[in-house]
J.: 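Provided herewith is a single structure, encoded as structure tokens, for subsequent inquiry.
Every chain is numbered from 1 and lettered A, B, ... according to where its sequence line falls, protein lines coming before strand lines.
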Protein chains: 2
Amino acid sequence: MKVKPTNSELEILTILWKKGECTVRDVNEELSEGKEGEVGYTTTLKLMQIMHEKGLVERDTSSRTHVYKALVSQSKTSQNLLDTMIDTVFNGSAAQLVMQALSNKKSSREEIEMIKKYIDELEKK
Amino acid sequence: MKVKPTNSELEILTILWKKGECTVRDVNEELSEGKEGEVGYTTTLKLMQIMHEKGLVERDTSSRTHVYKALVSQSKTSQNLLDTMIDTVFNGSAAQLVMQALSNKKSSREEIEMIKKYIDELEKK
DNA sequence: ACAATTATACGAACTTTTTCGTAGATGCAA
DNA sequence: TTGCATCTACGAAAAAGTTCGTATAATTGT
């Protein structure tokens, strides 16, 4: 029951997580921003069809223009990715990953505060 | 100058980071543990040759058995991976990634302490 | 010296992922 | 109605990544 989306699939999932329900066109347009060349419409369509076969998304086909929605959660999916990364790249140490993540990205003070709070919560158990 | 190793390449890099200098056989054996089926020797060899072409590793060919060494650093490479993940999956928030990483993996108390210290350091700037 | 082992090189088969062209259906506007 | 835009389905090409067989050379042990 391990969810392992490909890179393209992950990009699409990210959009679905952010926007909720989407048509293929919605996703295709979002995808085309933040890229140099356009992304072909049928390319996006095909990917989403494949994702449907794999059970990564569900879709409402009651109207001609289908509406897609993520079936796998953001948290579960990213957890898998992070776990894999921790195991392979960081020799099993989540702490190493966390520090690496914080080192380069300038996080705002609020973000840091949020993390501290979160850690304090964790420690209470 | 963005380093983007494939999954197999990343596995090999991880081994090189951990063990320093390695022959193909070293890597191949390490790779074969922690796997069901064996990994073919020439498969590993080929991958490492490709990595050499790409500049991911360097090698000493002075003796018959070549000795490989990572050319890209663990920190830089993992930073790239994390940044990509933060940008796509976590909408630009490192904090989100950090909390997600800590949520499932049970980190030891020492690890948590280490992270807290690290954050305190960060805050001083 | 010879056979067995172990190395590199390299091409090609194979798999997975991504992209795209084309066909056919539906909707919409003049 | 007729033509144009838009949608899905589908197959297959193209690209990327992985695996492996074979040739050949060097090394080792008997």
J.: Return the nearest nucleotide to the side chain of Lys46(A); candidates are dT8(D), dG11(C), dT19(C).
T.: dT19(C)
J.: Ignoring backbone atoms, test whether Tyr41(B) places a side-chain nitrogen or oxygen under 4.0 Å from the OP1 or OP2 oxygen of dC20(D).
T.: no
J.: Tell me: CD of Glu38(A) to C1' of dT18(C), nearest whole Å?
T.: 17 Å
J.: Check every strand shown and say whether Gln49(A) touches a base, only sugar-phosphate, or nothing at a heavy-atom separation below 4.0 Å.
T.: base
J.: Is there a chain of hydrophobic side chains (I, L, V, M, F, W, Y, each step under 4.5 Å between heavy atoms) that links Val67(B) to Leu47(B)?
T.: no
J.: Between Thr6(A) and dT18(C), does any side-chain N or O lie under 4.0 Å from OP1 or OP2?
T.: yes
J.: Distance check needed: dA15(D) C1' versus Asn7(A) CG, whole Å only.
T.: 14 Å
J.: Considering only heavy atoms from C-beta outward, does the side chain of Met85(A) approach that of Leu82(B) to under 4.5 Å?
T.: yes
J.: Would you please confirm or rule out a distance under 4.0 Å between OP1 or OP2 of dA9(D) and any side-chain N or O of Arg59(A)?
T.: yes
J.: Taking CG from Asp60(B) and P from dT8(C), how many angstroms apart are they, rounded to a whole number?
T.: 12 Å
J.: In whole angstroms, how far is the P atom of dT16(C) from the NZ atom of Lys54(A)?
T.: 10 Å
J.: Answer with base, sugar-phosphate or nothing: what part of the nucleic acid does Thr42(B) contact at a heavy-atom distance below 4.0 Å?
T.: base
J.: Looking at Gln79(A) and Ala101(B), what are the two nearest heavy atoms and their distance?
T.: NE2-O, 4.5 Å
J.: Whole angstrom is fine here: how far is it from CG in Leu45(A) over to P in dA23(C)?
T.: 17 Å
J.: For Arg25(B) and dT27(D), give me the distance from atom CZ to atom C1', rounded to whole Å.
T.: 14 Å
J.: Is the closest side-chain heavy-atom distance between Trp17(A) and Ser73(A) below 4.5 Å?
T.: no
J.: If I take atom CG in residue Leu13(A) and atom P in nucleotide dT17(C), what distance separates them, rounded to the nearest angstrom?
T.: 14 Å
J.: Once you round to the nearest 0.5 Å, how far does CD1 of Ile115(B) lie from CG of Leu122(B)?
T.: 11.5 Å
J.: Determine: side-chain N/O of Thr43(B) to OP1/OP2 of dC20(D), distance under 4.0 Å, yes or no.
T.: yes
J.: Looking at Ser8(A), does any N or O in its side chain come under 4.0 Å of the phosphate oxygens OP1/OP2 on dT18(C)?
T.: yes
J.: Here's a test of your reading of the structure: between Val39(A) and His66(B), which maps to the more 5' nucleotide of DNA chain C?
T.: His66(B)
J.: What nucleotide, of dT18(D), dA7(C), dT8(C), holds the atom closest to the side chain of Arg64(B)?
T.: dA7(C)
J.: How many Å lie between NE2 on His52(B) and P on dA9(C), as a whole number?
T.: 9 Å
